[in-house]
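Only heavy atoms go into these numbers, but all of them, side chains included; no hydrogens, no water, no symmetry mates.
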Amino acid sequence: MSYEQYRAILMPTKQNETPLKRGVAGSLAGVTSVFFSYPFDILRVRLALELRQVETVSLSRTAQIIYIEPSPFFNSKNVPEMLEPLIGLSNFYRGFLPSIYGIIPYAGMSFLTYESFKDLSLHRSFRKYTLVNHLTFSDDNKELPQMRTWVKLVCGGLSGAIAQTSSYPFEMIRRQMQVAGVYGSADAERTQALKSTWGTAKHIYQTRGFKGFFKGLSIGYIKIIPMFAVSFYTYENLKDLFGMSHVGMGRISLG
């Protein structure tokens, strides 16, 4: 619910609500989420990769391998002894910056487009089809709109597709940087290239061209569209369940 918290700060009233502020609130919520969950994402990616190379591998063993790898952020020879634990911990944030670059448009665009599609569904021309209470709901009364199930699902699915498309190049960069430590000395040139966001982007372009930044996007839609549809549907229903539907109900007028 970090989005609702940022939304309350940036848009405390209906008059304060704008598309830009919606996007900023979504982006901040996404950055907050990524900061706390990123080490687990690193473990997930690396565990899947290690499983392809050895017969048995455990979660703890994968974490140990990541911890002792050379850090792309620190030169261990120049780090004070008291800060040495940070060298290993920093490996769990390998590829974090491109994730932030990606989550800003990803989360921002997802909430922006979702709220915009919701506004569109509340337009007078569509209420008959999109609202359960279309006969009694109006812009002038305080009654909350009751969206039909299919509207919530469609708005969520479309927002997911747009968000995924806008941020996918950063996702490709992040994946490459996350597994950079696996190559080690066996491919020193490649490992060096994948240490920075710009170096990784150049490597992808040189080896795969512009299309390389969107490799697997179509398959990603198969996962993202239903996932966002169900996520936003659940999000709306939980807001109803906990009595939070009145929060941020300001709408941008569409006529």
Arg94 side, atom CZ; Ser99 side, atom OG - distance, nearest 0.5 Å: 13.0 Å
Side-chain H-bond candidate by donor/acceptor type, Ser121 with Tyr129, under 3.5 Å: no
Donor-acceptor contact below 3.5 Å, side chain Arg127 vs main chain His134: no
Rounded distance [0.5 Å steps], CG in Leu20 versus CE in Met11: 9.5 Å
Heavy atoms of other groups near Lys215 NZ, more than 12 under 6.0 Å: no
Transitive ILVMFWY side-chain link Val34 to Phe36, under 4.5 Å: yes
Phe210 vs Phe214, ring pair (Phe, Tyr, Trp, His ring centres under 6.0 Å): CA-CA, chis, key distance, verdict: CA-CA 8 Å; Phe210 182 74; Phe214 293 92; 5.7 Å; yes
Side-chain heavy atoms of Arg22 within contact of Phe111, under 4.5 Å: no
Contact check, side chains of Ile100 and Val31, non-hydrogen atoms, under 4.5 Å: yes
side-chain contact (heavy atoms from CB on, under 4.5 Å) evaluation trace for Tyr221 with Thr165: CA-CA 9 Å; Tyr221 287 145; Thr165 304; 2.4 Å; yes
Residue pair Gln164, Tyr106: steps toward the side-chain contact (heavy atoms from CB on, under 4.5 Å) verdict: CA-CA 6 Å; Gln164 177 81 342; Tyr106 184 72; 3.5 Å; yes
Same apolar cluster (I L V M F W Y, side chains within < 4.5 Å links), Tyr3/Tyr233: no
Cluster link Met227 to Phe40, ILVMFWY, side chain under 4.5 Å: no
Flag side-chain contact, heavy atom, 4.5 Å: Asn16 against Leu10: no
Non-hydrogen side-chain atoms of Val24 and Tyr6 separated by less than 4.5 Å: no
Flag side-chain contact, heavy atom, 4.5 Å: Ile103 against Tyr38: no
Spatial distance of atom SG (Cys155) from atom NZ (Lys118) [nearest 0.5 Å]: 8.5 Å
Inter-residue atom distance Thr149.OG1 - Asn237.CG, 0.5 Å rounding: 7.0 Å
Check: Ala29 main-chain N/O paired with Ser33 side-chain donor or acceptor under 3.5 Å: no
Ring geometry between Tyr93 and Phe96 (parallel below 30°, tilted from 30 to 60°, perpendicular above 60°): perpendicular
For the student: nearest non-hydrogen atoms of Thr113 and Ser110, plus distance: OG1-O, 3.2 Å
Any donor-acceptor N/O pair, Thr200 side chain to Ile173 backbone, under 3.5 Å: no
Heavy-atom closest contact (Lys239 atom, Glu4 atom, distance): NZ-OE2, 3.5 Å
Taking every non-hydrogen atom, the tightest pair across Ala107 and Gly30: CB-CA, 3.7 Å
For Tyr67 against Leu89, the heavy-atom pair lying closest together: CE1-N, 3.6 Å
Tyr101 side chain to Ser167 side chain, donor-acceptor N/O pair below 3.5 angstrom: no
pair Arg7-Lys21: side-chain heavy atoms closer than 4.5 Å: no
Mutual orientation of the aromatic rings belonging to Tyr114 and Tyr235 [parallel < 30°, tilted 30-60°, perpendicular > 60°]: perpendicular
Gap between atom CG of Leu122 and atom OG of Ser138 - 0.5 Å precision: 11.5 Å
Verify same cluster id: Leu158, Val230 (apolar side-chain graph, 4.5 Å): no
Non-hydrogen side-chain atoms of Gln64 and Ile68 separated by less than 4.5 Å: no
Full working for side-chain contact (heavy atoms from CB on, under 4.5 Å) between Ile204 and Gln176: CA-CA 9 Å; Ile204 293 174; Gln176 290 290 316; 3.9 Å; yes
Side-chain touch Phe213/Tyr205, heavy atoms, less than 4.5 angstrom: yes
Residue pair Thr197, Arg174: steps toward the side-chain contact (heavy atoms from CB on, under 4.5 Å) verdict: CA-CA 8 Å; Thr197 302; Arg174 178 184 65 84; over 6 Å; no
Rounded distance (nearest 0.5 Å) linking atom OG of Ser125 with atom CG of Leu120: 9.0 Å
Closest contact, heavy atoms only, Arg148 versus Leu131: NH2-O, 3.3 Å
same_hphob_cluster(Ile104, Ile162) at 4.5 Å side-chain heavy-atom cutoff: yes
Closest non-hydrogen atom pair between Phe228 and Ser159, with its separation: CD2-OG, 3.9 Å
